[in-house]
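What you see is a predicted model, and the numbers here were worked out from it, not measured in a lab.
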Amino acid sequence: MFWLTGLTLLLGIFLFCLIRLSKNHYTVITILTLLLLPSAFWLLPLNALAVDWTHPLSFSNAELARRDFSGQTLQAAEFSNANMEMANFTGADLRGAVMSASVMTKANLHHADLTNAMVDQVNLTGADLSDAVLKEALLLRALFTDVNIQGADFTDAVLDKAQIKELCSQASGVNSKTGVETRESLGCR
């Protein structure tokens, strides 16, 4: 590690001399920036450069009927084409999750955060979406037959007119997390 510090010091002295001898300071400053910035990283411990990033969980095409995911952090998790009938997602963090073309009949999503989630073409028949946050979620072609949406927040969610009409017929309540009325978030008249 000490040799890297010495190398950086020598490089700095060289560039200082180059600046003093040069008539075009802008060229030297550009060279200095290109050479010294990467060398500054040499002074950092290698583990400081490591990024703590894990791949999202993938449950695509999985059989997850009656599974309990309550309270779990499942940000950006993939659930495409999965069977999640009667699965429990109460209070789960599903921000950015992908649930496209899945079966979620009678699933419990009470107080779940589905902000920016892809819930397109999902069968949500009989699901509990009460107090759920679905801000900016993609919900096109999702089935909302007999769902509980009391207190759900659909602010800026992508829905078609038929879905909005169906949901507005039963919309009520205020979301406990966002303070937004369900009818207002759907743009009900």
(request) Taking side chain to side chain contact (heavy atoms under 4.5 Å, CB included) as the test, write out the residues that go with Val98, two or more places apart. (result) Ser80, Ser100, Met118
(message) Less than 4.5 Å apart, side chain to side chain, heavy atoms only: is that true for Asn175 and Val133?
(response) yes
(message) Under the rule for side chain to side chain contact (heavy atoms under 4.5 Å, CB included), what residues qualify as partners of Ser172, not counting sequence neighbours?
(response) Gln150
(request) Only pairs at least two apart or in different chains count here, so list each salt bridge (charged side-chain N to carboxylate O under 4.0 Å, His left out) that has a residue in residues 157-182. (result) Asp113-Lys177
(message) Can you confirm whether Phe144 sits close enough to Thr125 that some side-chain heavy atom of one is under 4.5 Å from a side-chain heavy atom of the other?
(response) no
(message) Give me the atom names and distance for the closest heavy-atom approach of Val147 to Gly126.
(response) CG1-N, 4.3 Å
(message) Testing the 3.5 Å rule here: is there a donor-acceptor pair between the side chains of Asp131 and Ser176?
(response) yes
(request) Kindly give the heavy-atom pair with the smallest separation between Met99 and Met104, and that separation in Å. (result) SD-SD, 3.9 Å
(message) Going by the rule ring-ring contact (aromatic ring centres under 6.0 Å, His included), which residues pair with Phe79 if we only count those two or more places apart in sequence or in a different chain?
(response) Phe59, Phe69, Phe89
(request) Look up atom OG in Ser70 and atom CG in Asn88, then write down how far apart they are to the nearest 0.5 Å. (result) 4.5 Å
(message) Checking the side chain of Ser185 only, and the main-chain atoms of Asp153 only, is there a donor and an acceptor separated by less than 3.5 Å?
(response) no
(message) Quick check against the 3.5 Å criterion: does Asp120 have a side-chain atom that pairs as donor or acceptor with the backbone of Val122?
(response) no
(request) Could you tell me which residues satisfy side-chain hydrogen bond (donor to acceptor under 3.5 Å, both in side chains) with Glu184, sequence neighbours excluded, listed by chain and number? (result) none
(request) Establish whether Leu114 and Ile164 are linked, either directly or via other cluster members, by ILVMFWY side-chain heavy-atom contacts under 4.5 Å. (result) yes
(message) Within this structure, what is the CD-OG distance for the pair Glu78 and Ser102, rounded to the nearest 0.5 Å?
(response) 11.0 Å
(message) Under a 3.5 Å threshold, yes or no: a donor from one side chain and an acceptor from the other, between His110 and Ser130?
(response) yes
(message) Using side chain to side chain contact (heavy atoms under 4.5 Å, CB included), reason through Leu109 and Leu94 one step at a time and then give a plain yes or no.
(response) CA-CA 10 Å; Leu109 293 153; Leu94 293 160; 4.0 Å; yes
(message) With a 4.5 Å cut-off on side-chain heavy-atom distances among I, L, V, M, F, W and Y, is there a chain of contacts connecting Val158 to Phe154?
(response) no
(message) Donor-acceptor pair, distance only, cut-off 3.5 Å: does the side chain of Arg183 make one with the backbone of Arg189?
(response) yes
(message) With heavy-atom distances below 4.5 Å as the criterion, would you say the side chains of Leu134 and Thr115 are in contact?
(response) no
(request) Answer whether the closest heavy-atom distance between the side chains of Thr182 and Ile149 falls below 4.5 Å. (result) yes
(request) Measure the spacing between CD of Glu63 and CD of Glu85 and express it to the nearest 0.5 Å. (result) 8.5 Å
(request) Applying salt bridge (Lys or Arg N to Asp or Glu O under 4.0 Å), name anything that partners Asp128, two or more places apart in sequence or on another chain. (result) none
(request) Determine the sole option in Leu138, Leu140, Leu124 for which the side chain to side chain contact (heavy atoms under 4.5 Å, CB included) test with Val119 is passed. (result) Leu124
(request) Quickly, which of Lys106, Met84, Met86 forms a side chain to side chain contact (heavy atoms under 4.5 Å, CB included) with Arg66? Name it, please. (result) Met86
(request) Establish, from distance only, whether the side-chain atoms of Asp93 and Thr73 form a donor-acceptor pair under 3.5 Å. (result) no
(request) Quick one: do Leu159 and Leu186 satisfy side chain to side chain contact (heavy atoms under 4.5 Å, CB included)? Show the steps, please. (result) CA-CA 9 Å; Leu159 294 154; Leu186 287 165; 3.7 Å; yes
